[in-house]
Protein chains: 2
Amino acid sequence: MNRASSPETVTPTGGGNGRNGRAAYDLPAVLDIAVGAFNDYGYDATSMGLLAERLGTSKSAVYYHVSGKEDLLRLALERALGGLEGILTLPGATAGPAEDRLRFVLRGAVQVLVDDLPYVTLLLRLRGNTEIERNALERRRAFDHQVSQLVDQARADGSLRADVDSGTITRLLFGMINSIVEWYKPGGTLTPAQLADDVISVAFDGLHRPA
Amino acid sequence: MNRASSPETVTPTGGGNGRNGRAAYDLPAVLDIAVGAFNDYGYDATSMGLLAERLGTSKSAVYYHVSGKEDLLRLALERALGGLEGILTLPGATAGPAEDRLRFVLRGAVQVLVDDLPYVTLLLRLRGNTEIERNALERRRAFDHQVSQLVDQARADGSLRADVDSGTITRLLFGMINSIVEWYKPGGTLTPAQLADDVISVAFDGLHRPA
DNA sequence: ATAGTTTTACTGAACGATCGGTAAGTAGTG
DNA sequence: CACTACTTACCGATCGTTCAGTAAAACTAT
């Protein structure tokens, strides 16, 4: 019914397993399956029963690996946010002209998006229904705010146009980049590096043919 | 707890009502409340009970106006899709140079997005869990495809850069525009017309200061 | 080497809560 | 008295979660 890899192909942990022929899953494997399901159906519409079905085990087996549904969400969001926040600590994001730093961060964001595609996808679709979700949204806003400050600095330097509001620019920029999770399929002809180049180029130079 | 208008402020249909002091709601009013809740919590996470609470009535009172939860979704999506599809039938979208038609459609899309903000928001967050959702997603894809053809034509005319893949351009373009539903708040200093101008300008000319 | 013990990784059944939806009755209006 | 716009009470299904039990692997002791 679905085109994802069948449960049996994922992570028999190598060594020991349960009783009969069944494979033993470890936490990262369960998390991978869970995030995939969350993205396919939405977090709320994904039941623990369906998750178990995708793993080829029972509902309660999942509870051996994680403490609950929200725990899976928390783990997944931590990974996505960690990747994004990591960009801002890199040298390329902290030193040099503002426009260069902005380009570095945007390129890094595209890289993280592609590397941890399902995890970031999950993050970008949050609604803030629970405390965990609201906490993640806050961290995401903090990241956006940091990038927004880079835009401000680049504008002050005269590198960026000043006829459009700075907040609007940041939001349109992220709108463009974040939309990648909705359509990019890794493994195609468009490589992550080329995608990053395209995004940066379209963002800075626009759609018109180069003069 | 939430900052939306309290139930009592919306649409006592004017004339006749039920029994005691309670107001009588009509279908558009129920739909408005429902779409607002769907966007706040997500469609799946929004229960009919919560909907009734927001309306200030009982769960089953909602069923007097609509045949069920999915009916509310169907009605809302019809409105959003009708608005978008309508743009493509307008003269500005069917005659003239490809770049002008593209600009017209993008501007129109921004306009519809803002005019029917909650309805389009709902559309853009669909996951395709039910037949109704899948049908709406198909219509949305058809709309995107028509715009994609405009991009192709503008490229063939030499109006748009040809060094970036046409599909990538269309997707980044929609990524930018569709992101508006995630942050635009009507009634602020940024008017819909100014927003449309900014979007078109950033998309075609990029972020660099004009030469 | 083998017996006994502990640990790992589950199974199947059941829990209370909540879900979308329904049935039957009723207060107010024309 | 018919009609509108509800009400309260409830249905079966499904939700996330828990629990007691257990087969097999891993470890320890002799």
Side-chain angles (χ1 to χ4, degrees), chain A residues 7-8 10-31 33-35 37-38 40-76 129-133, chain B residues 7-8 10-31 33-34 37-38 41-76 129-133:
Chain A
E8 284 73 19
V10 257
T11 315
T13 320
N17 66 342
R19 43 185 192 148
N20 58 29
R22 270 271 157 263
Y25 300 96
D26 58 4
L27 199 150
V30 172
L31 190 57
I33 299 275
V35 170
F38 290 163
D40 283 351
Y41 309 112
Y43 174 74
D44 290 294
T46 304
S47 69
M48 293 300 274
L50 187 130
L51 229 70
E53 203 178 292
R54 280 206 180 188
L55 279 159
T57 58
S58 65
K59 247 193 328 176
S60 44
V62 180
Y63 283 88
Y64 179 79
H65 298 283
V66 291
S67 73
K69 197 184 177 186
E70 278 212 289
D71 198 36
L72 284 165
L73 184 62
R74 193 180 46 76
L75 257 27
N129 288 339
T130 66
E131 203 52 47
I132 285 172
E133 295 184 37
Chain B
E8 282 73 17
V10 257
T11 317
T13 320
N17 66 345
R19 43 187 187 144
N20 58 26
R22 271 274 157 263
Y25 299 96
D26 57 6
L27 199 148
V30 172
L31 191 56
I33 298 275
F38 290 163
Y41 310 111
Y43 174 73
D44 290 294
T46 304
S47 69
M48 294 298 275
L50 185 131
L51 229 71
E53 203 178 291
R54 279 207 179 188
L55 279 158
T57 58
S58 65
K59 227 176 19 156
S60 40
V62 180
Y63 283 90
Y64 179 79
H65 298 285
V66 291
S67 74
K69 196 182 176 185
E70 278 212 288
D71 198 36
L72 284 165
L73 184 63
R74 193 180 47 75
L75 256 29
N129 289 339
T130 65
E131 202 53 45
I132 285 172
E133 295 185 37

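The structure presented is a predicted model; accordingly, all values stated were derived computationally and were not measured. Chain naming here is simple, since letters A, B, ... match the order of the sequence lines and numbering starts at 1 in each.
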inquiry  = If the cut-off is 4.0 Å, is A/His65 near the phosphate of C/dC10, judged by side-chain N/O to OP1 or OP2?
reply    = yes

With A/Thr46 as partner, the option from A/Val35, A/Asp40, A/Leu51 fulfilling side-chain contact (heavy atoms from CB on, under 4.5 Å) is A/Leu51

Determine yes or no for a side-chain-to-main-chain donor-acceptor pair under 3.5 angstrom, with A/Lys69 supplying the side chain and A/Tyr43 the backbone. yes

From CD of A/Glu53 across to C1' of C/dC10 the rounded distance in Å is 18 Å

note: A/Tyr64, atom OH; D/dT17, atom C1'; distance rounded to Å ~ 18 Å

Between CG of A/Asp71 and P of D/dG16 the distance, given in whole Å, is 15 Å

Each nucleotide N or O in nucleotides 20-22 of chain C that has a protein N or O under 3.5 Å away: list the pair and distance.
from: C/dG20; atom 1: OP1; to: B/Thr46; atom 2: O; distance (Å): 3.2
from: C/dG20; atom 1: OP1; to: B/Lys69; atom 2: NZ; distance (Å): 2.9
from: C/dG20; atom 1: OP2; to: B/Met48; atom 2: N; distance (Å): 2.8
from: C/dG20; atom 1: N7; to: B/Lys59; atom 2: NZ; distance (Å): 3.1
from: C/dG20; atom 1: O6; to: B/Lys59; atom 2: NZ; distance (Å): 3.4
from: C/dG21; atom 1: OP2; to: B/Tyr63; atom 2: OH; distance (Å): 2.8
from: C/dG21; atom 1: OP2; to: B/Lys69; atom 2: N; distance (Å): 2.9
from: C/dG21; atom 1: O5'; to: B/Tyr63; atom 2: OH; distance (Å): 3.4
from: C/dG21; atom 1: O6; to: B/Lys59; atom 2: NZ; distance (Å): 2.6

Here the pair of heavy atoms bringing A/Leu27 nearest to A/His65 is CD1-O, 3.5 Å

Are A/Leu31 and A/Val66 side-chain neighbours, meaning at least one heavy-atom pair lies under 4.5 Å? no

Between A/Lys59 and A/Ala52, the two heavy atoms sitting closest are N-CB, 3.4 Å

Note: B/Ala45 and A/Asp44 closest approach over all heavy atoms is CB-OD2, 3.4 Å

A/Leu55 CG to C/dA9 P, in whole Å, measures 14 Å

